[in-house]
Structures are given as C-alpha cells and as structure tokens.
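Counting starts at 1 for both ligands and their atoms, following the listed order. In what follows, every heavy atom counts, from backbone to side chain, and hydrogens, waters and symmetry copies are set aside.
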Amino acid sequence: MTHVPTHAATTELWDRARRVLPGGVNSPVRSFKSVGGRPFFVDRGDGPFLVDTEGERYIDYIMSWGPHVLGHGHPVIVEALRSQLERGTSYGAPTAEEVEMAERLVRLVPGLDMVRLVNSGTEATMSALRVARAFTGRSRFLKFSGCYHGHADPFLVAAGSGVATLGLPNSPGVPEEAVRDTAVLPFNDLEAVRDLFRKEGDGFAAIFLEPVMGNAGLIAPLPGFLEGLLEICEEHGALLVFDEVMTGFRVGLGGAQERFGVVPHLTTLGKVIGAGLPVGAFGGRRDIMEQVAPLGPVYQAGTLSGNPLATAAGNAQLGWLEENDPFPGLQEVGERLVEGLVGILREAGIPASGDAHGSMFGVFFHPGPVERFEDAQEADTERFGRFHREMVKRGVFLAPSPFEAGFLSIRHSEAEIEHTLTAAREAAEVVA
Ligand SMILES: *Cc1c(COP(=O)(O)O)cnc(C)c1O
C-alpha cells in the first residue's frame with residue numbers, strides 16, 4: 001500500500017507555489033512545516049477521499065478542517081449549489097435562504113435567539129468580542145492557552161503558564177495595545193479562573209473558549225469546568241462565549257453546548273455551517289444580539305455576508321444533519337478509530353492517548369491524560385512528524401500537525417477505518 005510521493009509534477013508545482021505564495025500556501029498549517037516533507041496538491045475530493053494531481057488517493061481525516069461532515073461532494077450539497085448558481089451568486093440584498101439558515105441555527109443550537117451571518121470564523125469571533133464589550137461596557141476578556149479563535153489581533157496571544165498573564169502578542173504586527181486586555185489561563189483550571197475573577201472580575205467583558213478544544217489536538221472539558229465558567233460569568237456580569245466554529249455540528253447536532261448541557265450567552269459558528277463555502281455566524285441571547293446594527297449601535301457589516309451560494313450549501317448540509325442525526329454513529333466510528341490507533345501505538349512501545357467526541361477525534365503521542373495545552377506540548381512531536389509521513393505514504397491524510405483534531409464524515413466506512421489501522425500498524429513499526 002506504499003506509494004512514494006516524489007513525482008516530478010508535484011515538485012514543480014511546489015516550486016511554483018513557493019515563488020508566488022508565502023510558504024507555498026494560503027494558510028500556514030497546510031504547508032506540512034510542523035511534520036516535515038511537503039504537501040500534495042489536491043485535484044478533487046470524493047466522499048472520504050482526496051485525490052491529488054498525480055492521481056493518488058488519500059483517506060481524508062481533515063475534511064477541509066471540519067466543514068465536510070457529509071464527505072466531499074455530497075449530492076444534496078452539489079445539487080443545492082448547482083440550482084443556486086443559475087439564480088446568481090450574490091445580490092447584496094436579503095434572501096429567503098438566509099432567513100431559513102438563521103432559523104435553522106436558532107432551532108438547533110440551544111444558546112441562539114438571533115444570529116448574524118458572516119464570512120469566516122475569524123469574523124465571527126472578532127464580532128462577538130465587539131458585541132460582548134459593548135454589552136458589558138468592559139474591555140478585558142479571558143481566553144485559554146491553546147484555544148484558537150481566528151487570527152484577529154486581540155486573540156493572538158501566547159499561552160500563559162498557570163498564572164493570568166498580561167498578554168504578549170505571539171505574532172509580529174500585533175501591537176501590544178491590541179492584546180493588553182487579553183488574559184490567558186490554562187484550560188480546565190477552574191480555580192485559576194475563580195482566583196482571577198475574585199480579584200479583577202469586574203473588568204471582564206467575557207470568557208471565550210472552545211468548549212471542546214480542537215486546535216491543540218482534541219481536549220475535552222473536565223466535568224464541571226463549563227458549568228463553573230458559566231457560574232463565574234453570571235456572578236461577575238461577564239458573558240460566556242462558546243467558540244463553536246469547530247465543534248458546532250461536529251460534536252453533536254446542537255454543538256458542545258447541547259452535548260454538555262451548558263448554554264453560553266454568545267456562540268460563534270463556522271466550518272460545518274458553510275459546507276465548504278466561506279461562512280461564519282455569531283449569535284446568542286436576544287437582548288445581547290439586539291445591540292447589533294442596524295437594530296442597535298454595534299457596527300458589523302459584510303458585502304458578501306449571507307452569501308446565496310454559502311447559504312444554499314449550508315442549508316442543504318444542516319437540513320440533512322437535522323433529518324438524519326448521524327452523530328451517535330460517528331461517535332462509534334471515532335471511538336473505534338481512536339482505540340485502534342492508541343492500541344497500535346502502545347503495542348509498538350509508543351506512549352499514546354486519545355479521545356473522540358461526535359465526529360471529532362484526536363490522538364496524542366503522549367501517555368495521557370491530556371487536559372490542557374501545556375500537557376499536549378509534552379507530546380513527542382518529532383515522532384508524530386515521522387508517523388505522519390509514513391501514513392501519507394500509505395494513503396492516509398491526517399492533519400499535518402500534532403496539535404490538530406481529526407475529522408470524520410458519514411462517508412468514512414469500515415473499509416477506510418480498516419485501511420487506516422493497517423497503515424498505522426506499518427507506520428508505527430517504522431517510527432517505533
Ligand atoms: C477555524 C476556527 C476559527 C477561525 O475560523 P476561520 O474560518 O478559519 O477564520 C475560529 N475558532 C475556532 C474554534 C476554529 O476552529
């Protein structure tokens with residue numbers, strides 16, 4: 001099952017790409033920088049597979065970093081896009097489809113009374129922060145190390161280490177002023193949050209978090225963590241914001257807030273709700289969302305927001321999910337895959353642990369438990385890089401980073417799981 005991806009055409013394309021695109025890519029993690037080697041170029045997606053420009057086929061566990069929970073090219077989405085295309089791509093005026101999409105989100109996600117559609121997860125989180133600050137009249141907010149909330153300035157803060165730190169930017173170009181009001185604590189450390197809020201809680205507009213971390217590998221909240229955060233927020237007049245850009249319609253139909261039974265004040269969405277087209281959304285309690293222009297004074301706008309192609313694809317995918325709720329089945333597939341992978345790695349003498357939530361899964365090259373990003377950072381990332389390359393050679397495409405979750409689709413069947421575990425057995429032997 002091994003093929004060697006060193007074809008001349010790909011090498012030439014990679015050289016051309018690096019001349020005109022920084023690092024050869026349009027988003028950093030696609031570059032394979034953290035696992036070594038170089039990416040293949042995708043020609044097409046097909047159900048659970050990607051096919052590259054050389055005709056090689058890979059079982060895809062990235063699914064565009066989440067969006068394709070129905071697999072690549074599901075007929076209901078293709079048909080919805082085709083029929084919308086004939087009616088136009090963008091109008092800059094209201095459509096019935098954006099109302100339908102908003103109604104669907106409000107119906108399915110417990111914390112939503114009203115939503116605003118935007119074009120990306122980044123836009124959703126930066127807008128939610130603006131609304132939270134306006135609503136509370138406060139500036140500061142708390143995030144957790146390892147949680148990713150898009151690339152807007154205030155969120156790009158290095159991880160603190162157990163103490164609330166005054167944020168320092170982790171990217172050049174982010175001015176210190178932009179992150180002065182960003183506090184960072186370790187995930188799952190409720191006591192640290194209590195301490196911080198006991199002293200300075202009255203200055204905080206919000207607590208932002210991924211309710212299940214998916215941008216540091218997969219890290220679940222400990223029992224009581226989400227409940228505790230909600231309690232702290234209510235006590236101190238701050239807003240709890242669940243960034244469900246990744247977990248929304250991934251860990252379950254109603255997101256992590258439904259799965260864990262904790263309803264936040266504001267929610268951000270993206271990825272799955274656009275089915276592979278650029279979409280995000282933010283929403284929440286009615287009195288908070290009534291602050292958003294033109295109803296309220298908080299400005300937020302977008303030329304392409306609620307785009308007809310995006311709402312066509314989103315409505316088709318969300319409609320299918322609502323009718324078929326595939327998440328219990330996906331949970332089983334995820335558990336089987338994680339148990340298989342962790343078992344194979346351990347058998348080869350490689351410390352490993354993992355977890356699955358709905359259609360998301362994660363495996364760390366770390367004996368576990370992994371409860372925060374600081375734990376994940378102790379994983380054997382060099383060995384993961386070698387393992388990743390061996391898996392690609394065997395037609396299995398895992399995220400090219402040790403700190404990313406894996407994504408299943410309804411098209412990942414028993415055959416793909418078997419192929420993956422066979423590949424993992426061979427790969428583990430090579431890297432052991
Ligand atoms: C992907 C992601 C974002 C950013 O979304 P983009 O569409 O890439 O801007 C924000 N938050 C979380 C939790 C994400 O996973």
What is the nearest protein non-hydrogen atom to atom 10 (C) of ligand 1, stated with its residue, atom name and distance?
Gly150 N, 3.4 Å

N or O pair under 3.5 Å between Tyr148 and ligand 1
yes

May I ask whether atom 8 (O) of ligand 1 is less than 4.0 Å from at least one protein heavy atom?
no

Indicate, as side chain, backbone, both or neither, the part of Asn215 found under 4.0 angstrom from ligand 1 when only non-hydrogen atoms are considered.
side chain

Give the numbers and elements of all ligand 1 atoms closer than 4.0 Å to a heavy atom of Thr122.
4 (C), 5 (O), 6 (P), 9 (O)

May I ask you to check if ligand 1 and Gly121 share an N or O to N or O distance below 3.5 Å?
yes

Protein contact of atom 2 (C) of ligand 1 - nearest heavy atom, named by residue and atom, plus distance:
Lys271 NZ, 2.6 Å

What I'd like to find out is whether the side chain of Ile59 reaches to under 4.5 Å of the side chain of Phe49, using heavy atoms alone.
yes

Does any N or O of ligand 1 fall below 3.5 Å from an N or O anywhere on Thr125, backbone included?
no

Okay, side chain of Glu416, backbone of Pro48: is any donor-acceptor separation there less than 3.5 Å?
no

Ignoring hydrogens and geometry beyond distance, is a side-chain donor-acceptor pair present between Asn215 and Glu210 at under 3.5 Å?
yes

For atom 11 (N) of ligand 1, find the nearest protein heavy atom and state the residue, atom name and distance (0.1 Å precision).
Asp243 OD2, 2.7 Å

Under 4.0 Å from a heavy atom of Ser120: give me the atoms of ligand 1 that qualify, with their elements.
7 (O), 9 (O)

Pick one of side chain, backbone, both or neither for how Glu210 approaches ligand 1, counting any non-hydrogen atom pair under 4.0 Å.
side chain

Can you name the one residue among Phe365, Tyr61, Phe32 that meets ring-ring contact (aromatic ring centres under 6.0 Å, His included) with His388?
Phe32

Subset of ligand 1 atoms that lie under 4.0 Å from at least one heavy atom of Met246
15 (O)

Salt bridge (charged side-chain N to carboxylate O under 4.0 Å, His left out) evaluation trace for Glu191 with Arg194
CA-CA 5 Å; Glu191 265 323 297; Arg194 281 212 183 92; 2.8 Å; yes

Is the closest basic N to carboxylate O distance between Glu390 and Arg386 below 4.0 Å?
no

So, do Pro221 and Phe260 sit near enough that their side-chain heavy atoms are less than 4.5 Å apart?
yes

Which of these passes side-chain contact (heavy atoms from CB on, under 4.5 Å) with Ile288: Leu239, Val298, Thr136?
Leu239

